[in-house]
Amino acid sequence: MEYMDFMNRYRRISQNGGKVLTDELAFGILSVVEEIPYGRVCSYGRIAKLIGRDKNSRLVGKVLSMAEFYGDFPCHRVVNSSGRCAPNFTEQRFLLESEGVEFRPNGNVDMKKYEWRGE
């Protein structure tokens with residue numbers, strides 16, 4: 001999908017007439033992703049909370065799925081709140097393990113040990 005197709009497809013008009021997904025918001029999300037330390041992970045919901053949009057974890061996921069249009073970001077360090085990797089990101093686990101992140105027997109990241117909370 002081309003960049004403009006992506007932006008046009010996922011821009012929605014909110015009740016006040018503003019766009020939900022803008023380049024400014026995308027770069028806000030990606031700037032938080034860029035801060036996640038090597039060997040740590042963060043959840044979509046935590047990123048949404050850190051940018052002041054508590055209810056927009058799915059929007060965070062959508063931006064990350066198209067992050068290559070914005071530059072090079074460590075999107076592999078973002079998992080869901082239970083530590084599960086993204087379903088269509090086959091190399092995510094390998095990348096995390098190469099940074100020393102350990103997984104539980106159920107295949108999820110040990111969030112108590114590896115979660116970065118933005119502090």
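Hydrogens, waters and symmetry mates play no part in the numbers below; they use all other heavy atoms, side chains included.
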Handout entry: Contact check, side chains of V63 and V33, non-hydrogen atoms, under 4.5 Å
Key = no
Practice task
Could you tell me whether the side chain of L96 reaches within less than 4.5 Å of the side chain of F103, counting heavy atoms only?
Solution key: yes
Measuring from [X]:[atom1] to [Y]:[atom2], what's the distance to the nearest 0.5 Å?
{"X": "M66", "Y": "K62", "atom1": "CE", "atom2": "NZ", "value": "7.5 Å"}
{"X": "F89", "Y": "E91", "atom1": "CZ", "atom2": "CD", "value": "5.0 Å"}
{"X": "Y70", "Y": "L30", "atom1": "OH", "atom2": "CG", "value": "7.5 Å"}

Transitively linked via ILVMFWY side-chain contacts under 4.5 Å: [X] with [Y]?
{"X": "L59", "Y": "V32", "result": "yes"}
{"X": "F73", "Y": "V41", "result": "no"}
{"X": "V79", "Y": "L95", "result": "no"}

Handout entry: Results of side chain to side chain contact (heavy atoms under 4.5 Å, CB included) for E24 - residues two or more places apart only
Key = T22
Practice task
Say whether, by atom type as modelled, one donor and one acceptor occur between the side chain of Q92 and the main chain of V78 under 3.5 angstrom.
Solution key: yes
Exercise for the section: Assess whether side-chain contact (heavy atoms from CB on, under 4.5 Å) is satisfied between L25 and N56, documenting all intermediate values. Expected result: CA-CA 11 Å; L25 176 57; N56 290 135; over 6 Å; no
Only pairs under 3.5 Å count here: list side-chain donor-acceptor contacts from residues 42-51, not counting sequence neighbours, and write none if there are none.
from : atom 1 : to  : atom 2 : distance (Å)
S43  : OG     : R46 : N      : 3.0

Handout entry: Listed once per pair and sorted, the side-chain hydrogen bond (donor to acceptor under 3.5 Å, both in side chains) pairs that draw on residues 94-108, sequence neighbours left out
Key = H76-E99, R77-E99, R93-E97, E102-K113, E102-Y114, R104-D110
